[in-house]
Structure formats: C-alpha cells, structure tokens
Amino acid sequence: QVQLVESGGGLVQTGGSLRLSCVASGRTFSIVRMGWFRQAPGKEREFAARISRSGGTTYYADSVKGRFTISRDNAKNTVYLQMNSLKPEDTAVYYCAADLGAVPSTTPDRYDYWGQGTQVTVSS
C-alpha cells in the first residue's frame, strides 16, 4: 500500500503562484512515477504533469506547460508542483497520484494510488 497526502492549496489572485506538495509513505519503493491531476467542478479529472522515479523525465499537459513545474525530493518522499502565472481556469481540486506500472500514462485510471486532494482557487 502507498499513502499520499497533498498540501499547499489555497486562494490566490490571477497571476499569482502556489506550490503544492505531496508526501508519499508506505511501499514507496514500488512507485515508478508520480503525477498531478486536477478536477474542476462538473468536469472530469484531467492530467497536469508527471515525473519519473529519478526526476529526470517530466511531462506536462499543454494547458500548464511553461507555467507549472513538477519536481521531487526522493530523500523526503515528496513531489512538488510549482504553479506560476495562475489563471482562473486553473481553479480545481489538485490530486497527486502514484503509478506502479511500466508504461507512462496521462489517464487517471492507470494510476494506482491517490491522495485526498487540495483545493486551488484562482480569483479574477
């Protein structure tokens, strides 16, 4: 089992920044990659970013590319999502997820463990 706990959400104005954190515990050695997803009210959960076990490979959705940066500190079992130049359309609950599979994916159902989510609200 893997447990994930997100933090760092909040209310920010358009153009502002937030940094989300996700701490993993349990069988963390089984995690191949970590991802961040988000879900706005009335919408499906969508992929935002993912990072490999080593941190050497990252991948972003077009909607966040150039504004968001995913990183990790393996000594702390923590993954971060630095969000800059935030827009009202970034408002959502943000979830971190752990992928134990061999093939990278942007699909939520390919991820094995999920955190409880943290709310990000961007005011106009």
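Annotation: salt bridge (charged side-chain N to carboxylate O under 4.0 Å, His left out) contacts of Lys65 (sequence neighbours excluded): Asp62. Legend: residues meeting side chain to side chain contact (heavy atoms under 4.5 Å, CB included) with Arg110, ordered by chain and number and at least two apart, are Val103, Ser105, Thr107. Every residue was checked against the ring pair (Phe, Tyr, Trp, His ring centres under 6.0 Å) condition with Tyr80, not counting sequence neighbours, and none meets it. Every residue two or more places apart in sequence or in another chain was checked for a salt bridge (charged side-chain N to carboxylate O under 4.0 Å, His left out) with Glu89, and none qualifies. Every residue two or more places apart in sequence or in another chain was checked for a side-chain hydrogen bond (donor to acceptor under 3.5 Å, both in side chains) with Tyr95, and none qualifies. With sequence neighbours left out, the side-chain hydrogen bond (donor to acceptor under 3.5 Å, both in side chains) criterion links Asp99 to Arg33. In terms of the side-chain hydrogen bond (donor to acceptor under 3.5 Å, both in side chains) criterion, Arg27 has no residue partners (sequence neighbours excluded).
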Note to self: For a side chain to side chain contact (heavy atoms under 4.5 Å, CB included) check, start with the C-alpha distance between Arg67 and Met83, then their side-chain angles and the critical distance, and finish with the verdict.
What the structure shows: CA-CA 6 Å; Arg67 301 187 299 122; Met83 307 185 294; over 6 Å; no
Next item on the list: For the pair Ile31 and Arg53, evaluate side chain to side chain contact (heavy atoms under 4.5 Å, CB included) and give the outcome as yes or no after the intermediate values.
Entry: CA-CA 7 Å; Ile31 300 173; Arg53 193 203 310 266; 5.6 Å; no
Checklist line | Step-by-step side chain to side chain contact (heavy atoms under 4.5 Å, CB included) determination, Lys76 to Val23 | finding: CA-CA 8 Å; Lys76 297 181 179 179; Val23 179; over 6 Å; no
For residues 117-124, tabulate all N or O donor-acceptor pairs below 3.5 Å that involve a side-chain atom, not counting sequence neighbours.
unit_1: Thr118; atom_1: OG1; unit_2: Gly9; atom_2: N; d: 3.1
unit_1: Gln119; atom_1: NE2; unit_2: Ala92; atom_2: O; d: 3.4
unit_1: Gln119; atom_1: NE2; unit_2: Thr121; atom_2: OG1; d: 3.3

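Both Leu20 and Val12 belong to a common hydrophobic cluster when Ile, Leu, Val, Met, Phe, Trp and Tyr are linked at side-chain heavy-atom distances under 4.5 angstrom.
Listed here is the closest heavy atom pair of Leu18 and Gly8: CD2-O, 3.9 Å. Of all heavy-atom pairs between Asp112 and Leu100, the closest is OD2-N, 2.7 Å. Heavy atoms only, all atoms of each residue included: Ala102 and Pro104 are closest at O-CD, 3.8 Å. Taking both residues in full, the closest heavy atoms of Gln1 and Gln3 are given as CB-NE2, 3.5 Å, listed atom of the first, atom of the second, then distance. Taking every heavy atom of both residues into account, Leu4 and Ala98 meet most closely at CD1-N, 3.7 Å.
Just one of Leu81, Thr78, Ile70, Ile51 meets the side chain to side chain contact (heavy atoms under 4.5 Å, CB included) condition when paired with Met34; it is Ile51.
Pairs engaging residues 8-17 under the side-chain hydrogen bond (donor to acceptor under 3.5 Å, both in side chains) rule: Ser17-Asn84 [sequence neighbours left out]. Sorted by first and then second residue, the pairs that involve residues 101-124 and meet ring pair (Phe, Tyr, Trp, His ring centres under 6.0 Å), not counting sequence neighbours, are Phe37-Tyr111, Phe37-Trp114. Counting only residues at least two apart or on different chains, the ring pair (Phe, Tyr, Trp, His ring centres under 6.0 Å) pairs with a member in residues 49-77 are Phe47-Tyr59.
Distance CD/Glu44 to CD/Gln39: 8.5 Å, rounded to 0.5 Å. One finds the CD atom of Gln82 at 9.5 Å from the OG atom of Ser21 (value rounded to the nearest 0.5 Å).
Gln116 places a side-chain N or O within 3.5 Å of a backbone atom of Glu6 that can act as its donor or acceptor partner.
Membership of an apolar cluster is not assigned to Phe29, as no side-chain contact below 4.5 Å to another ILVMFWY residue is traced.
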